[in-house]
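Okay, structure first, notes after.
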Number of protein chains: 2
Amino acid sequence: MGDIALIGRSIGVVANNERPLYHRIREDIIDGQLDAGTRLVVAELARRYDSSSNPVREALHQLQGEGFVVISQNRGARVRSVGEHFARDIYDIRALIEPYMIRWFTANATKAQIAEMEAIQDEIEQLDGDHEAYRTLNERFHSVSYAGHFNREAIDMEERYREILFMLNKRYPLTRSRWAECLEEHRGILAAVRSRDADAAAAFTERHVHGACRHLIDHIRAGRGREKSAK
Amino acid sequence: MGDIALIGRSIGVVANNERPLYHRIREDIIDGQLDAGTRLVVAELARRYDSSSNPVREALHQLQGEGFVVISQNRGARVRSVGEHFARDIYDIRALIEPYMIRWFTANATKAQIAEMEAIQDEIEQLDGDHEAYRTLNERFHSVSYAGHFNREAIDMEERYREILFMLNKRYPLTRSRWAECLEEHRGILAAVRSRDADAAAAFTERHVHGACRHLIDHIRAGRGREKSAK
DNA sequence: TTGTCAACGATTGTACGCAATTTGAGGTGA
DNA sequence: TCACCTCAAATTGCGTACAATCGTTGACAA
């Protein structure tokens, strides 16, 4: 077996087949490797991911379809930059979807699922200012309740929006007061789920989303204020 | 200058530049030229739209991102087939989004917009069983209230879902009873908007969506029943 | 009838050439 | 100094060809 040829080939194959190019670019956008507004030059990306232009173009078009990328005629692709408006629009939608989803969860959750949520919440309670850990656990907390929902379209939408907002939120720290609110809201959700009170669960969830929205927008505005004064 | 070459070239250019390939395929999917489940073979489409494989591939990937097409690894693309489940999932989401949008419209509609809605509703009232016309006017009726909304993401989502459901609903006629319900619901929405009663407008809108959902699903089930007995 | 396997069709990735467009740099003139 | 023009480089978008790979199909044998 031609070792060298195989090695050369397999490096390429491994790098390419590891995962679809589309996923890799998407992840790099979400975790900030490619941050908002960055130009996405086809030739560059092809080199970067050790691929060629066709797969890159296809991935970019798909990402445009999902809203992560904006392609303009003859001007190429850019990572979608999420401004205050867009963020508020998305949170508005989440404020409708999440209560809808938690309602079903409240009615259908198994004891094991509830126990899992409680375990995660316990971990969160014991956290002490570690934002990174909080974001991860918060994600897990909510995904317990949404992952099993019957409405796959809603799940996918939620995921997309969560990812988009994730890459925006990462830039801003959680204030102490918001942290406290989050704990409060989580406790409220848990209590409601335990007692199978769908209305209460929905109400707490809506508060949770609106709270997150206000928190983010305050930070964006503060950030813009600082930018302006720096000028 | 090689005339023949130029002619060959210019025909291609004219046909291609009419509109982006992506739009043309999307429209053909929505209005049923390419119906659900159809295989989308790249070479075929390239011929059909007088283009080449690269643009087709890109268009298909973008359409996948938007949910109109499903691409499976090494098995090619198909027009997404919308089953009962998916339809209900989408209607569930619309039942959240549309009331949200009508609320804003109720608070912010200009007199001219309300008058426009009334004019469209008058036309609908005078219709007599013409389903085709009803669908068009119904679309216009609702687009008056949604097109001006501040939440662009919600508008785009609504439009996508409406198009997906449009291509499904087209296969089934409107029953007399559903027709009557629709008129009733429209009148309710109009009255609520006129009196700036957001809650009422939202309630009627939600009923409108749920009614449409039930109507469609009944037809799908009836259709399946007929298929089975035909076997 | 069932299972195997080879041929075929289609997708997927790669490569190259060419036209059209955008963009930025530099020069010109008011 | 500033507006405006020109031009060249960079990049996109499209067309084409081709190799590798995967799924499917259908013939054939057990």
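Here is how names work: the chains are called A, B, and so on, in the same order as the sequence lines, proteins then strands, and each is numbered from 1.
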*Would a 4.5 Å heavy-atom cut-off, applied to side chains only, mark B:Y134 and B:D130 as touching?*
no
*Looking at side-chain heavy atoms only, is the closest gap between B:D92 and A:F150 below 4.5 Å?*
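The answer is yes; the side chains approach within 4.5 Å.
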Expressed in angstrom and rounded to an integer, what is the separation of [X] atom [atom1] from [N] atom [atom2]?
{"X": "B:E58", "N": "D:dG13", "atom1": "CD", "atom2": "P", "result": "7 Å"}
{"X": "B:Y22", "N": "D:dC14", "atom1": "OH", "atom2": "P", "result": "15 Å"}
{"X": "A:L45", "N": "D:dT12", "atom1": "CG", "atom2": "C1'", "result": "13 Å"}
{"X": "B:Q73", "N": "C:dA10", "atom1": "CD", "atom2": "P", "result": "18 Å"}
{"X": "A:I71", "N": "C:dT22", "atom1": "CD1", "atom2": "C1'", "result": "16 Å"}
{"X": "A:R24", "N": "C:dG13", "atom1": "CZ", "atom2": "P", "result": "11 Å"}
{"X": "A:L21", "N": "C:dT11", "atom1": "CG", "atom2": "C1'", "result": "16 Å"}
{"X": "A:R47", "N": "C:dT14", "atom1": "CZ", "atom2": "C1'", "result": "16 Å"}

_Base of C:dT14, side chain of A:N54 - is there a donor-acceptor contact under 3.5 Å?_
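Indeed, a donor on one side and an acceptor on the other fall under 3.5 Å apart.
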*Using only heavy-atom distances, decide whether a donor-acceptor pair under 3.5 angstrom links the side-chain of B:R57 to the base of C:dG13.*
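Check passes, donor-acceptor contact within cut-off.
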*Check the side chains of B:H85 and B:D89 for a donor-acceptor pair under 3.5 angstrom, ignoring hydrogens and angles.*
no
*Using a distance-only test with no angle check, is there a side-chain donor-acceptor pair under 3.5 angstrom linking B:Y146 and B:E98?*
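Per modelled atom types, B:Y146 and B:E98 side chains form a pair under 3.5 Å.
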_For a quick check of understanding: with a heavy-atom distance under 4.0 Å over all strands, which category does A:S53 fall into, base, sugar-phosphate or nothing?_
nothing
_Over all strands shown, is B:L60 touching base, sugar-phosphate only, or nothing at heavy-atom distances under 4.0 angstrom?_
nothing
*With DNA chain C as reference, determine whether A:N74 or B:A77 sits nearer its 5' end, using the nearest nucleotide of each.*
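It is B:A77, whose closest nucleotide lies nearer the 5' terminus.
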*asked:* Strictly below 4.0 Å: does B:S51 bring a side-chain N or O up to OP1 or OP2 of D:dG15?
replied: yes
*For B:R75 and C:dA10, is the shortest distance between a side-chain N/O and OP1 or OP2 below 4.0 Å?*
no
*Ring centres under 6.0 angstrom apart (A:Y172, A:H215)*: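 Ring-ring flag for A:Y172/A:H215: false, centres at least 6.0 Å apart.
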*Go through D:dG15, C:dA10, C:dT12 for me and flag the one nearest to the B:V41 side chain.*
C:dA10
